[in-house]
Q: 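I'd like to ask some things about the structure below.
Labels below follow one simple rule: chain letters A, B, ... track the order of the sequence lines, proteins then strands, and each chain is numbered from 1. Any value given below was found using the heavy atoms of this structure, including those in side chains, with hydrogens, waters and symmetry copies removed.
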Number of protein chains: 2
Amino acid sequence: MDYGRAKRINQLLTTVYGEVLRVEELALRQSQFKDISIKEVHAIAAISMYEHKTTSQVARELRITPGTLTTMVNHLVRKDYVQRLRSDDDRRFVRLGLTRRGRLIYRAHESFHRRMVESFARDMDDEQLQIIEKALLNLQAFLELADPTTPNK
Amino acid sequence: MDYGRAKRINQLLTTVYGEVLRVEELALRQSQFKDISIKEVHAIAAISMYEHKTTSQVARELRITPGTLTTMVNHLVRKDYVQRLRSDDDRRFVRLGLTRRGRLIYRAHESFHRRMVESFARDMDDEQLQIIEKALLNLQAFLELADPTTPNK
DNA sequence: GCTATTATTTTGATAATGGAACAATTTGAC
DNA sequence: GTCAAATTGTTCCATTATCAAAATAATAGC
């Protein structure tokens with residue numbers, strides 16, 4: 001693999017994601033949703049619209065502990081983005097849902113990502129997109145291998 | 001653009017980077033460098049081997065404030081990864097350099113990224129790599145546009 | 001009916017961070 | 001040459017995100 005190319009791709013991979021978060025955060029500050037951080041938006045995205053997942057499920061998806069999610073949900077309930085729905089079949093579980101305000105920001109965030117992927121894939125045909133998906137899957141496989149918590153299966 | 005494909009690429013883009021950080025962090029915990037976090041490693045990577053950049057320069061690269069970097073550097077000096085080199089031409093500047101221990105971890109981190117990019121680009125020819133670089137550049141351009149701090153130039 | 005298990009919350013500690021005030025140094029206007 | 005303004009880095013204070021462990025509440029198995 002060409003050395004300069006490798007350098008540039010590594011550089012892009014490492015900076016671009018931080019930029020995504022930074023731009024999302026800045027956009028929030030200038031929107032009607034000033035009272036919410038990008039991490040909270042990602043929690044809202046994980047809670048999602050229709051499924052009413054449990055606290056543990058969402059925490060696992062977000063890769064944070066249930067305790068951390070509890071405090072996050074406290075804030076999001078206070079700010080009227082999320083609601084707790086105790087499920088009646090097993091009252092240990094807390095099921096999470098979005099309020100109207102939560103759904104609003106959910107859709108705004110979804111739309112940002114749709115535009116982002118569209119621009120990412122601008123001018124590319126299906127074959128080229130397949131290559132990109134393959135590369136990302138390669139990366140995922142590499143990480144799986146490098147992950148010391150799931151080394152040999 | 002195929003809807004399922006867009007969905008999958010978005011999913012990969014949003015999860016994979018978090019995984020990179022998580023795996024890097026876990027690998028550190030199991031290495032000889034247990035006393036350092038992934039953010040500190042990235043500070044070391046920004047300080048880099050030979051240039052002796054100033055505090056503000058490095059802070060700008062890392063997108064953090066100089067105050068934050070000062071405390072980070074304090075920790076890294078105490079743990080013997082970084083050294084402060086006052087420059088004699090203008091004594092306001094603090095120039096940052098790596099200790100032997102810092103250079104060791106710098107190279108380990110560099111090697112991780114090299115292996116990562118290699119696996120990312122596995123089985124791809126130069127034309128395909130060019131497509132991937134193009135896609136990442138598209139994404140960068142999108143973010144530039146979406147960035148409310150540098151909107152019209 | 002107890003006991004063990006499961007889901008969530010609470011509590012206490014820590015790391016990362018920004019912003020504002022501050023100290024040291026240099027520059028530039030006069 | 002001197003002093004005010006600008007620049008660089010640091011300190012200090014507050015906030016947010018986070019985890020681990022203890023506590024609480026509910027259920028399941030026997």
Side-chain angles (χ1 to χ4, degrees), chain A residues 18 21-22 24-26 28-29 33-47 51-79 81-97 149, chain B residues 18 21-22 24-26 28-29 33-47 51-79 81-97 149:
Chain A
L21 293 186
R22 203 183 112 261
E24 285 188 328
E25 182 82 49
L26 286 168
L28 282 170
R29 289 297 142 270
F33 305 106
K34 295 194 209 311
D35 61 344
I36 197 172
S37 75
I38 185 58
K39 301 217 175 199
E40 290 176 319
V41 172
H42 286 151
I44 287 171
I47 289 168
E51 303 178 57
H52 296 318
K53 305 173 194 169
T54 70
T55 298
S56 296
Q57 256 179 310
V58 173
R60 233 181 346 262
E61 255 180 66
L62 292 170
R63 303 267 194 185
I64 58 180
T65 60
T68 301
L69 186 56
T70 291
T71 63
M72 246 173 151
V73 167
N74 286 344
H75 293 147
L76 289 170
V77 167
R78 203 176 315 136
K79 292 189 276 195
Y81 290 102
V82 167
Q83 48 191 168
R84 286 192 164 92
L85 310 160
R86 210 98 206 181
S87 67
D88 275 335
D89 48 322
D90 185 336
R91 290 170 37 68
R92 284 172 303 183
F93 291 92
V94 169
R95 302 197 166 268
L96 298 174
T149 61
Chain B
L21 294 185
R22 203 183 113 260
E24 285 189 327
E25 181 82 50
L26 286 168
L28 283 170
R29 289 296 141 270
F33 305 106
K34 294 194 209 312
D35 61 345
I36 198 172
S37 75
I38 184 59
K39 302 218 175 197
E40 290 176 318
V41 172
H42 286 152
I44 286 171
I47 289 169
E51 302 178 58
H52 297 318
K53 305 174 194 169
T54 70
T55 299
S56 294
Q57 258 180 308
V58 173
R60 233 181 346 262
E61 254 181 66
L62 291 170
R63 303 269 194 184
I64 59 180
T65 61
T68 300
L69 187 57
T70 291
T71 63
M72 244 171 153
V73 168
N74 287 343
H75 292 147
L76 290 171
V77 167
R78 202 175 315 137
K79 292 188 277 194
Y81 290 103
V82 168
Q83 46 192 169
R84 287 194 164 91
L85 312 160
R86 210 100 206 179
S87 66
D88 275 335
D89 49 321
D90 185 336
R91 290 168 38 67
R92 284 172 303 182
F93 291 92
V94 169
R95 301 198 167 270
L96 299 174
T149 62

Q: Round to a whole Å and report the spacing from CG of D35(A) to C1' of dT16(D).
A: 15 Å
Q: Roughly how many Å is it from CG in L62(B) to C1' in dG9(D), rounded to a whole number?
A: 16 Å
Q: Can you tell me the distance, in whole Å, between the CD atom of Q57(B) and the C1' atom of dT8(D)?
A: 12 Å
Q: Please report the interatomic distance NE2(H42(A)) to CG(L21(A)), rounded to the nearest 0.5 Å.
A: 6.0 Å
Q: Within the structure shown, what part of the strands sits under 4.0 Å from S56(B) by heavy-atom distance: base, sugar-phosphate, or nothing?
A: sugar-phosphate
Q: Could you walk me through whether T55(B) and V73(B) satisfy the side-chain contact (heavy atoms from CB on, under 4.5 Å) test, starting with their C-alpha distance in whole Å, then the side-chain angles of each, then the deciding distance to 0.1 Å, before giving a yes or no?
A: CA-CA 9 Å; T55(B) 299; V73(B) 168; 5.9 Å; no
Q: Restricting to non-hydrogen atoms, name the atom on R29(A) and the atom on K34(A) that form the minimum distance, rounded to 0.1 Å.
A: NH1-O, 3.2 Å
Q: Find the distance F93(A):CZ to dT24(D):C1' and express it as a whole number of Å.
A: 16 Å
Q: Could you tell me the separation between the NZ atom of K53(B) and the C1' atom of dG9(D), rounded to a whole number of Å?
A: 18 Å
Q: Of all nucleotides in DNA chain C that come within under 4.0 Å of a heavy atom of chain B, which is furthest toward the 5' end and which toward the 3' end?
A: dA16(C) to dT26(C)
Q: Measure the spacing between CG of L26(B) and CD1 of I38(B) and express it to the nearest 0.5 Å.
A: 10.5 Å
Q: For the residue pair E61(A) and K53(A), what are the closest heavy atoms and their distance?
A: OE2-NZ, 2.9 Å
Q: Please determine whether side-chain contact (heavy atoms from CB on, under 4.5 Å) holds for the pair E51(A) and Q57(A), giving the CA-CA distance in whole Å, both sets of side-chain angles, and the decisive distance to 0.1 Å.
A: CA-CA 11 Å; E51(A) 303 178 57; Q57(A) 256 179 310; 5.9 Å; no
Q: Using 0.5 Å steps for rounding, measure from the OG1 atom of T54(A) to the CD1 atom of I47(A).
A: 11.0 Å
Q: Pairs under 3.5 angstrom, nitrogen or oxygen only, protein versus nucleotides 28-30 of chain D, please.
A:
none

Q: Is there side-chain contact between R86(B) and V94(B), with heavy atoms separated by less than 4.5 Å?
A: yes
Q: Write down the distance between CZ (R95(B)) and P (dT7(D)), rounded to a whole number of angstrom.
A: 17 Å
Q: Rounded to the nearest 0.5 Å, what's the gap from CG on D35(A) to CZ on R78(A)? Could you check?
A: 11.5 Å
Q: Report all interatomic pairs (protein N or O, nucleotide N or O of nucleotides 10-13 of chain D) with separations under 3.5 Å.
A:
{"unit_1": "dT10(D)", "atom_1": "OP1", "unit_2": "R84(B)", "atom_2": "NE", "d": "2.9"}
{"unit_1": "dT10(D)", "atom_1": "OP2", "unit_2": "T70(B)", "atom_2": "OG1", "d": "2.8"}

Q: Working to the nearest 0.5 Å, report the span between CZ of R84(A) and CG of L76(A).
A: 9.5 Å
Q: Could you give the CG-to-C1' distance, from L21(B) to dT18(D), as a whole number of Å?
A: 15 Å
Q: For the CZ atom of R60(B) and the CG atom of L69(B), what is their distance to the nearest 0.5 Å?
A: 11.5 Å
Q: If I take atom CG in residue D89(A) and atom P in nucleotide dT27(D), what distance separates them, rounded to the nearest angstrom?
A: 9 Å
